[in-house]
Peer 1: 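Mind having a look at this structure? Questions to follow.
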Amino acid sequence: MAASISTVKGACPHDCPDQCGWNVTVENGRATAVTGDPTHPFTAGALCSKLKHFVDRVYSPERVLHPLRRTGPKGSGSFERVSWDAALDDIAARTQAAIARHGGASVMPYSFAGTIGIAQRYAGNLLFRRMGATELLGDYCGNVAYTGVAQTNGPLTAVLPEDVVNARYIVLWGTNTVVTNLHMWSSVVRKAQQHGAKIVVIDPVRTRTAERADWHVQIKPGTDAALALGMMHVIVREDLHDTDYIERYTLGFDELRERIAGYPPERVAAITGLAVADIVTLAVEFARATPAVIRMLIGPERQGNGAEMFRAIACLPSLTGAWRELGGGLCQFTVDLFRESLNYAATVRADVLPKPPRSVHIAQLGRALTGDLDPAIRCLFVSSANPVVAAPNQNLVREGLAREDLFTVVHEQFITDTARYADYVLPATTQVEHLDIMASWGSPYLELNLPAIAPLGEAVSNTELYRRLAARLGYEEAFLYASDEQRIREILASDHPFLDGISYERLEREGWVRLNLPADWRPLATGGFRTPSGKCEFYSATLASAGIDPLPTYTAPPAPPAASPLRLIAAKTAHHTLNSQYANLQRPGRRLEPVVAINPIDAETRGIATGEAVRVFNERGEVELNAAVGAATAPGVVSMPFNWWPNAMANGSSANALTADDLSTIGMGSNAFDTWVDIEKVAPG
Ligand SMILES: Nc1nc2c(c(=O)[nH]1)N[C@H]1C(S)=C(S)[C@@H](COP(=O)(O)OP(=O)(O)OC[C@H]3O[C@@H](n4cnc5c(=O)[nH]c(N)nc54)[C@H](O)[C@@H]3O)O[C@H]1N2
Ligand SMILES: Nc1nc2c(c(=O)[nH]1)N[C@H]1C(S)=C(S)[C@@H](COP(=O)(O)OP(=O)(O)OC[C@H]3O[C@@H](n4cnc5c(=O)[nH]c(N)nc54)[C@H](O)[C@@H]3O)O[C@H]1N2
Ligand SMILES: [Mo]
């Protein structure tokens, strides 16, 4: 019999701004290759090193393919196979008992960014609202960064990433483009660089991106607002500001002028650790170049003062009138294009479902499970998330998950360190096994992901899991049982002009579509800010009335505790992982080990050399790994990737064992980077 070979269009599910369009080759029902869709204008057929191994991940012998019930102590990872019926009966009974005894609030979902397709990501919303469960609120990815920028400029996608190719001066401010946003590098920033644009990276860590830039500005963590205020000081002092733009389209320039008077470059140099001449050069070059653009994602946000940094930086383009040019201004997320045009309300049904009785912050899972919440969380449903790796204060998270009176269900593709604590692990499909609609957060493309193969084993999609659970719980609302296609059609049900001519059928045919945006996307060239005043708000009356400094401001990061003098940055420097995904799939001959980057000055006083095993520790935990001594970080700062599975680490802990679990003051975020540690050599033997 001839082999049947077909190609199915889809898109990458990962929480990555690129959102690659892909084609899946299917031979006799088996996916044999995932290749980049060469027609996709932004991702242009090139896949990252992770996606090249997507098929290996799908067919990994470690995939969870059947429901599993715990047989050993929590955390041990001992499970036995059970039937879906047995698992669902028990899960429904336990959930109903918890609701009857302790109320709906004793149930809590915990889901995050395992997949960012809209139907699958928000699949549980309706069911948990129907149950009256505790809501998971807040965020550790983007909300603070978004909020800070929106305080100044309003909620709006102001610069399209593709247009940045026109810029002559590109400041990659706290974003590691080469690692985290590969196509933004290869399709946009590198091209601009080849055409003579100057690329500046502002990052406390000498990342791969910093290495490829024309200039690396190695700032002290948490001091970016001071740098922005200092740049504004220089721009105004040198008379490089755009008085016409300021007069017409901004609010509060006189007050801003007073504020920045307090930030001469000498003071800013002392705060940021940068040279006075560099601060002046950066300000003057940014103001003089046209188009000049600042590119940011989320890097500096996980700090108490995170939003402040984004708010202050967001003032710069209006001061210089950078928005006037195509590709000039501040380029951040494209989420508002989709929030405005798609029918996200269908994923919540706030019109018919009650408000959740209370909320728990996503960055405080450990506190919620171990603290004195009344009622306590009794049933936890984890899906599309790996909080043991991704959430701050790993040891407290584990202490909470180990509670004997907690019933935990984890819907997963792999036995993650989180799944090890589950009473039931339920098998989840991967992107090639389910249908979804994908709205990129880093480009204006909407994509339909068609299932290419049947679910492996007994795996089910997130949507299917909640349909099954709703039935077991006896709920009758028809919308709980909508098919994936129905859900996607509802999400597309909108008469917004961005979606003109974009239908389910067209997406099915074409895979990706560009939202209908004018070719010349410069929404702020002549004002049009979506702030309360309609102007760029150097001065914000909204902040003033909330008791917050109405002007861009700098708050110094907390002082390091005496026992922990080194500031830890635990970001996404491990380029072959996507958050915690792929970290478990080491390839033969290419074993990658996490290292902690430490400056020679700090290494020498501790007698540490490259390759030596060290212990990084503070009051919350400790991580053992090898040291890499060098100039990757300045004295006083150390860096390690956060993505590693603790179970594969020398002492069973990874970076978030060290991180803080307070909240940012603005934007409902985490302060995980307000973390200080010390390091010592691991004694041999
Ligand atoms: N390969 C790979 N790609 C990814 C991911 C991944 O895990 N691996 N994750 C995806 C996800 S979920 C996201 S949200 C994006 C995030 O994309 P990015 O925002 O680009 O990535 P981060 O690593 O979070 O942070 C970027 C940089 O911020 C720097 N930083 C930390 N503190 C400060 C500070 O105070 N000031 C300044 N100026 N810089 C600071 C860090 O050193 C880091 O290099 O990446 C996505 N892409
Ligand atoms: N210290 C530190 N902590 C951080 C960050 C940092 O830079 N530093 N970054 C933060 C950021 S930006 C993010 S986005 C978060 C990420 O936090 P998480 O969203 O928890 O990220 P992942 O580690 O990717 O875990 C997602 C899990 O979902 C599973 N999964 C994938 N697809 C599906 C699916 O379709 N269905 C189901 N049921 N499961 C699926 C995967 O196997 C994986 O185990 O981490 C945050 N934590
Ligand atoms: Mo993220």
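Both counts, for ligands and for their atoms, begin at 1 and track the order of listing.
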Peer 1: Give the contacting part of His576 toward ligand 1: side chain, backbone, both or neither, where contact means a heavy-atom distance below 4.0 Å.
Peer 2: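 It is neither part, as no heavy atom is under 4.0 Å.
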Peer 1: Out of all atoms in ligand 1, which are within 4.0 Å of some heavy atom of Gly222? Include the element for each.
Peer 2: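 Going through ligand 1 atom by atom, the ones under 4.0 Å from Gly222 are 34 (C), 35 (O).
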Peer 1: Under 3.5 Å, side chain of Ser654 to main-chain N/O of Trp644, donor-acceptor pair present?
Peer 2: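 Yes, because the side chain of Ser654 sits within donor-acceptor range (under 3.5 Å) of the backbone of Trp644.
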Peer 1: Any salt bridge (Lys or Arg N to Asp or Glu O under 4.0 Å) involving residues 459-469? Give me the pairs, sequence neighbours left out, ordered by first then second residue.
Peer 2: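 Matches after skipping sequence neighbours: Glu464-Arg467, Glu464-Arg468, Arg467-Asp484.
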Peer 1: Identify, by atom number and element, the atoms of ligand 1 in contact range of Val179, meaning under 4.0 Å from any of its heavy atoms.
Peer 2: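 Atoms satisfying the 4.0 Å criterion: 1 (N), 2 (C), 3 (N).
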Peer 1: Applying salt bridge (Lys or Arg N to Asp or Glu O under 4.0 Å) to Arg302 and Asp674, what does each step give before you reach the verdict?
Peer 2: CA-CA 8 Å; Arg302 269 174 238 94; Asp674 284 339; over 6 Å; no
Peer 1: So, Thr152 side chain and Arg311 main chain: donor-acceptor pair closer than 3.5 Å or not?
Peer 2: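 A pair under 3.5 Å: yes.
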Peer 1: Heavy atoms under 4.0 Å from ligand 2: which residues qualify?
Peer 2: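 Residues Asp15, Arg57, Phe112, Ala113, Gly114, Thr115, Tyr140, Cys141, Ile298, Arg302, Ser383, Ser384, Ala385, Asn386, Ala390, His411, Glu412, Gln413, Thr416, Ala428, Thr429, His434, Asn462, Ala570, Ala571, Lys572, Leu578, Asn579, Ser580, Gln581, Phe642, Asn656, Phe673 each place a heavy atom under 4.0 Å from ligand 2, listed by chain and number.
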Peer 1: Let me check something: any side-chain donor-acceptor pairs from residues 553-560 under 3.5 Å, sequence neighbours excluded? List them with distances.
Peer 2:
residue, atom, partner, partner atom, Å
Thr553, OG1, Asp549, OD2, 3.3
Thr555, OG1, Glu308, OE1, 3.0
Thr555, OG1, Glu308, OE2, 2.6

Peer 1: Looking at Thr175, which atoms of ligand 1 are within less than 4.0 Å of one of its heavy atoms?
Peer 2: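 In order of number, 18 (P), 20 (O), 26 (C).
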Peer 1: Looking at ligand 1, is there an atom of it that comes within less than 4.0 Å of some heavy atom belonging to Asp203?
Peer 2: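 Yes, Asp203 has heavy atoms under 4.0 Å from ligand 1.
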Peer 1: Atoms of ligand 1 less than 4.0 Å from Lys50 heavy atoms?
Peer 2: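 Every atom of ligand 1 under 4.0 Å from some heavy atom of Lys50: 1 (N), 2 (C).
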Peer 1: Suppose I only count heavy atoms of Asp224 and a 4.0 Å limit; which atoms of ligand 1 are within that range?
Peer 2: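 That gives atoms 34 (C), 35 (O), 36 (N), 37 (C), 38 (N) of ligand 1.
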Peer 1: In sequence, state the C-alpha distance, the side-chain angles, and the governing distance for Asp436 and Arg487, and then conclude on salt bridge (Lys or Arg N to Asp or Glu O under 4.0 Å).
Peer 2: CA-CA 9 Å; Asp436 214 340; Arg487 285 170 202 231; over 6 Å; no
Peer 1: What atoms in ligand 1 come closer than 4.0 Å to a heavy atom of Val205?
Peer 2: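 Counting atoms of ligand 1 from 1, those under 4.0 Å from Val205 are 42 (O).
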Peer 1: Who passes side chain to side chain donor-acceptor pair (under 3.5 Å) against Thr180, sequence neighbours left out?
Peer 2: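 Thr180 satisfies side chain to side chain donor-acceptor pair (under 3.5 Å) with no residue once adjacent residues are dropped.
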Peer 1: Which atoms of ligand 1 have any heavy atom of Pro221 under 4.0 Å away?
Peer 2: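 In order of number, 35 (O).
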Peer 1: If only atom types and distance count, is the side chain of Glu301 paired as donor or acceptor with the main-chain N or O of Ala145 below 3.5 Å?
Peer 2: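 It does hold such a pair.
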Peer 1: Do Phe310 and Tyr146 have their ring centres less than 6.0 Å from each other?
Peer 2: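 When the ring centroids of Phe310 and Tyr146 are compared, they turn out to be at least 6.0 Å apart.
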Peer 1: Does Arg63 use its side chain to pair, donor to acceptor, with the backbone of Ala428 at less than 3.5 Å?
Peer 2: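 Yes, the answer is positive, given that a donor and an acceptor are paired below the 3.5 Å cut-off.
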Peer 1: With backbone taken as N, CA, C and O and side chain as the heavy atoms from C-beta onward, which portion of Thr207 lies under 4.0 Å from ligand 1: side chain, backbone, both, or neither?
Peer 2: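 For Thr207, the contact with ligand 1 is made by the side chain alone.
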Peer 1: Answer yes or no for Gln303: is there a heavy-atom contact with ligand 1 below 4.0 Å?
Peer 2: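 Yes, Gln303 has a heavy atom closer than 4.0 Å to ligand 1.
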Peer 1: Do the side chain of Asn643 and the main chain of Asn579 share a donor and acceptor less than 3.5 angstrom apart?
Peer 2: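 Yes, because the side chain of Asn643 sits within donor-acceptor range (under 3.5 Å) of the backbone of Asn579.
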Peer 1: Out of curiosity, is Met296 lining ligand 1, as in a heavy atom under 4.0 Å away?
Peer 2: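 Contact check Met296 vs ligand 1: negative.
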Peer 1: Can you say whether the rings of Tyr582 and His14 are parallel (under 30°), tilted (30 to 60°) or perpendicular (over 60°)?
Peer 2: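 Rings of Tyr582 and His14: perpendicular, as their planes differ by over 60°.
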